[in-house]
K.L.:
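Got a structure for you, questions after.
The first residue in the sequence is number 1, and the count goes up from there. Computed from heavy atoms alone, side chains included, the values below leave out hydrogens, waters and symmetry copies.
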Amino acid sequence: MKYNMMTKWIFLSMFSFATSIVASKEKSPNIILIFIDDFGYGDLGCYGNTLNRTPHIDKMAEDGVRLTDFYVGSSVSSPSRAALMTGCYPKRISMHVNADPVPLMGKSRQVLFPISMKGLNPSEITIAEVLKQGGYSTACIGKWHLGDQLCFLPTKQGFDYFYGLPYSHDMGKDYCALPLMEQNSVIEAPVGSDSLTYKLTIKAQQYIRDNKKKPFFLYLAHCMTHKPLDASPQFKGHSKNGIYGDAVEELDWSVGEILKTLKEVEIFDNTLIIFTSDNGAARGAGGSNKPLRGWKAETYEGGFRVPCIIHYPKEIQGNQVNHNIITSMDLLPTIASYCQVELPNNLVIDGRDISLVLEGKKNVTDKRVFYYYQRNQLQAVRFGKWKYHLGLKQRLCNAASDKMEDVSPKLYNLETDISESVNVLKENQSIEKVMLDLIKQVQNDLGDWNIEGKNVRPAGFIDEPFGRFVKK
């Protein structure tokens, strides 16, 4: 399908009247999407952690809905964020590797690096762009990591305001002086990692106060708990879990400050808050994905399944634990539904409106399918309670290595075996047939190693990236 900037302009112009419509309705909900970096399934008290103190987040879970089967689009940063913003599998929008999207094996990687030619195509329609057409103010505060060139920055992707980092804070060591940006300008370089959580929180609070009288979308993308781990002086050395625990507890403080600010300006009940992570905890960093198997950069559950808490007193009853299969790609259509903003009908997205699921009025797990890609290689499929790992002669071990292995197919019942420890393929041959059919369908749609998908769109590319952040 040909999709370009003219298509995007037509979509946006269709909603030029949306602001007046929203103004005539009951006040639309504010949206706060808190996205943590490399945060594990088992890192919160409400998910079973006994080391990290997370009272504010745990209280939000108690008063909202805690999701047990929430998946992100990738087990590493850039493709996961692309899926979140667009409601699409990274493979569909060619954000699954940092190289040219032609199927490659070997030296390709998944995340974007500084001074990259590549970024999220500005012709894609993000959550921010959808909400702007409903009269929303939009802000990205924190880590972007979807392209560091001017044409790929948040201000070109629907955000009125940007304050944060263009990529991961570990990339300041070898590539450049780590830049803290406001709008399209560098305001501090290098910025200290110990100050990041504090600075992002203070800026988010100010944004909430400044926009309390109109609907807003705040994307607060924290840099912790990605390595190098750090925390402000008042948190460093005070947890029971080393520097990782210090970082987690400062993040919990941050959430508490956001909740407090919402109450102070009297918009707490009418704010939809989503707390989740871009992927699972990294091996050896101090985080926990228990009881899941695997880590960040892998296609076991520990890489893709993350904590997610949704809090919206006005519409979603509290004290819920929801076991439906829900993905980060569902957030775009769900947010659009709550904000009464239409989605384009000429653009394929993979997410679904799950507002009724969150409200306990609908179950979808038995019908949902989720695909686990490692770069351009399909490695696993979940359908209902079943997870099937493909048999592959050259299976990529993880996103950060070119090492491959020869593996046989495996089937796990995630309902009874969340840790993917007992292969039940031999006893369930009929399930394998269903999985193989689903694999053929997605290979035709999104592609696979050496298979070109029929419904994929190009990423954005720039011929000569500008090295604004190169060390002198």
K.L.:
Side chains of L131 and I127: closer than 4.5 Å at any heavy-atom pair?
P.N.:
yes
K.L.:
Does either side chain, that of R395 or that of Q379, offer a donor lying less than 3.5 Å from an acceptor on the other one?
P.N.:
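Side-chain D/A pair, R395 to Q379: present.
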K.L.:
Quick one, R382 and Y371 - any side-chain contact, counting heavy atoms below 4.5 Å?
P.N.:
no
K.L.:
How long is the span from the SG atom in C397 to the NZ atom in K403, to the nearest 0.5 Å?
P.N.:
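Here the rounded value is 5.5 Å.
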K.L.:
May I ask you to decide if L411's main-chain N or O and H389's side chain share a donor-acceptor pair within less than 3.5 Å?
P.N.:
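No; zero donor-acceptor contacts below 3.5 Å.
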K.L.:
Just wondering, are more than 12 heavy atoms of other shown residues or ligands nearer than 6.0 Å to NZ in K290?
P.N.:
no
K.L.:
Check whether the side chains of D252 and H56 place a donor and an acceptor atom closer than 3.5 Å, and report yes or no.
P.N.:
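Indeed, the side chains of D252 and H56 share at least one donor-acceptor pair under 3.5 Å.
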K.L.:
Just by distance, with hydrogens left out, do S288 and D43 show a side-chain donor and acceptor under 3.5 Å apart?
P.N.:
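No, because no side-chain N or O of S288 sits under 3.5 Å from a partner of the opposite role on D43.
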K.L.:
Without hydrogens or angle criteria, can the side chains of D194 and S232 be said to hold a donor-acceptor pair below 3.5 Å?
P.N.:
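No.
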K.L.:
Determine, for Y300 and R293, whether the Lys NZ or Arg CZ falls below 6.0 Å from the six-membered ring centre while staying within 45 degrees of the axis.
P.N.:
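Yes - R293 lies over the ring of Y300, closer than 6.0 Å to its centre and within 45° of its axis.
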K.L.:
Could you tell me if S355 and K361 have a donor-acceptor pair between their side chains, going purely by distance under 3.5 Å?
P.N.:
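Result is no, nothing qualifies.
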K.L.:
Distance from L146 atom CG to K143 atom NZ, nearest 0.5 Å?
P.N.:
9.5 Å
K.L.:
Quick check: does any side chain N or O of T126 sit under 3.5 Å from a backbone N or O of M85, one acting as donor and the other as acceptor?
P.N.:
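Judged by distance alone, no pair lies under 3.5 Å.
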K.L.:
What's the spacing between S337 OG and L358 CG if we round to 0.5 Å?
P.N.:
10.0 Å
K.L.:
Are the side chain of S75 and the backbone N or O of G303 linked by a donor-acceptor pair below 3.5 Å?
P.N.:
no
K.L.:
Is it true that D38 and K296 have a side-chain N and a carboxylate O under 4.0 angstrom from each other?
P.N.:
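Salt bridge: yes.
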K.L.:
With under 30° as parallel and over 60° as perpendicular, where do the rings of Y89 and F370 fit, or are they tilted in between?
P.N.:
tilted
K.L.:
Please determine, by modelled atom types, if S239 and D246 share a side-chain donor-acceptor pair under 3.5 angstrom.
P.N.:
yes
K.L.:
Run Q110 and M95 through side-chain contact (heavy atoms from CB on, under 4.5 Å) and show every step you take.
P.N.:
CA-CA 8 Å; Q110 284 194 275; M95 288 294 290; over 6 Å; no
K.L.:
Checking side-chain polar atoms at under 3.5 Å, does N30 have a donor or acceptor matched by the opposite partner on Y136?
P.N.:
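Side chains of N30 and Y136: no pair found under 3.5 Å.
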K.L.:
Compute whether any side-chain donor of one residue and acceptor of the other, for S74 and S80, lie under 3.5 angstrom apart.
P.N.:
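Note: S74 and S80 side chains miss the donor-acceptor criterion.
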K.L.:
Looking only at the side chains, is there a donor atom on one of K314 and N270 sitting less than 3.5 Å from an acceptor on the other?
P.N.:
yes
K.L.:
Check the side chains of Q443 and D448 for a donor-acceptor pair under 3.5 angstrom, ignoring hydrogens and angles.
P.N.:
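Distance-only check passes for D448 and Q443.
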K.L.:
Has the side chain of T155 got a donor or acceptor atom that lies under 3.5 Å from a matching backbone atom of Q183?
P.N.:
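A pair under 3.5 Å: no.
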K.L.:
Start with the C-alpha distance between I208 and I267, add both sets of side-chain angles, then the distance that settles side-chain contact (heavy atoms from CB on, under 4.5 Å), and finish with yes or no.
P.N.:
CA-CA 9 Å; I208 292 169; I267 57 173; 4.1 Å; yes
K.L.:
To the closest 0.5 Å, what do you measure between CD (E432) and CG (D437)?
P.N.:
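Result: 12.5 Å between the selected atoms.
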K.L.:
With a 6.0 Å cut-off on ring centres, are Y71 and F304 close enough?
P.N.:
no
K.L.:
Under the 3.5 angstrom rule, does the side chain of N322 hit a backbone N or O of V357 as a donor-acceptor pair?
P.N.:
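Pair found, side chain donor or acceptor close to backbone of V357.
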K.L.:
Between R81 and D37, is there a side-chain N and carboxylate O pair less than 4.0 Å apart?
P.N.:
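Yes.
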K.L.:
Kindly say whether I354 contributes a backbone atom to a donor-acceptor pair with the side chain of T334 at under 3.5 angstrom?
P.N.:
yes
K.L.:
Without swapping roles, check the side chain of Q234 against the backbone of E250 for a donor-acceptor pair under 3.5 Å.
P.N.:
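Answer holds: no.
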K.L.:
Starting from the C-alpha separation in whole Å, work towards a yes-or-no answer on side-chain contact (heavy atoms from CB on, under 4.5 Å) for F275 and I57.
P.N.:
CA-CA 8 Å; F275 176 97; I57 302 171; 3.6 Å; yes
K.L.:
Side chains of D210 and Q206 only: does a donor on one sit below 3.5 Å from an acceptor on the other?
P.N.:
yes
K.L.:
May I ask you to decide whether K132 forms a salt bridge with E129, counting only side-chain N to carboxylate O separations under 4.0 Å?
P.N.:
no
K.L.:
We want to know whether S77 and H145 form a side-chain donor-acceptor pair, criterion being a heavy-atom distance below 3.5 angstrom.
P.N.:
yes
K.L.:
Decide if the gap between the ring center of Y167 and the ring center of F113 is smaller than 6.0 angstrom.
P.N.:
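No, too far apart.
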K.L.:
How are the rings of Y207 and Y161 set to each other: parallel, tilted or perpendicular (split at 30° and 60°)?
P.N.:
parallel
K.L.:
If you count every heavy atom of other residues, nucleotides or ligands that lies below 6.0 Å from E266 atom CD, does the total exceed 12?
P.N.:
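Check fails, neighbour count at 12 or below.
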K.L.:
Taking atom types as modelled, is there a side-chain donor on E249 or Y244 under 3.5 Å from an acceptor on the other?
P.N.:
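Note: E249 and Y244 side chains miss the donor-acceptor criterion.
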K.L.:
Under a 4.5 Å cut-off applied to non-hydrogen side-chain atoms, are Y219 and T138 in contact?
P.N.:
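The answer is no; the side chains never approach within 4.5 Å.
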K.L.:
With the side chain counted from C-beta on, respond yes when D278 and I36 share a heavy-atom pair under 4.5 Å apart, and no when they do not.
P.N.:
no
K.L.:
More than 12 heavy atoms of other residues, nucleotides or ligands under 6.0 Å from OH of Y338: yes or no?
P.N.:
yes
K.L.:
Quick check on Q317: does its CD atom have over 12 non-hydrogen neighbours (other residues, nucleotides or ligands) under 6.0 Å away?
P.N.:
no
K.L.:
Could you tell me whether R305 sits above the aromatic face of F70, with NZ or CZ closer than 6.0 angstrom to the six-membered ring centre and within 45 degrees of the axis?
P.N.:
no
K.L.:
Which value, rounded to the nearest 0.5 Å, describes the distance between L436 atom CG and I431 atom CD1?
P.N.:
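The CD1 atom of I431 is 11.5 Å from CG of L436, to the nearest 0.5 Å.
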K.L.:
Is the shortest heavy-atom distance from the side chain of V255 to the side chain of I34 under 4.5 Å?
P.N.:
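Side chain of V255 against side chain of I34, heavy atoms only: contact under 4.5 Å found.
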K.L.:
Is the positively charged end of K387 above the ring of Y412, judged by distance under 6.0 angstrom from the centroid and angle within 45° of the axis?
P.N.:
no
K.L.:
Backbone N or O of W386 within a donor-acceptor pair of the N413 side chain at under 3.5 Å?
P.N.:
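Between the backbone of W386 and the side chain of N413 there is no qualifying donor-acceptor contact (under 3.5 Å).
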K.L.:
Working to the nearest 0.5 angstrom, can you tell me the gap between T68 OG1 and N324 CG?
P.N.:
8.5 Å
K.L.:
Counting N and O atoms only, with roles assigned by atom type, does the side chain of N428 sit under 3.5 Å from a partner on the main chain of V424, one being a donor and the other an acceptor?
P.N.:
yes
K.L.:
Using 30° and 60° as the class limits, which term best fits the ring planes of H311 and F268: parallel, tilted or perpendicular?
P.N.:
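Tilted: the ring planes of H311 and F268 meet at 30° to 60°.
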K.L.:
May I have the step-by-step check of side-chain contact (heavy atoms from CB on, under 4.5 Å) for L112 and D148, ending in yes or no?
P.N.:
CA-CA 9 Å; L112 300 180; D148 68 344; over 6 Å; no
K.L.:
Is a side-chain donor or acceptor of R457 paired with a backbone partner of N121 at a separation under 3.5 angstrom?
P.N.:
no
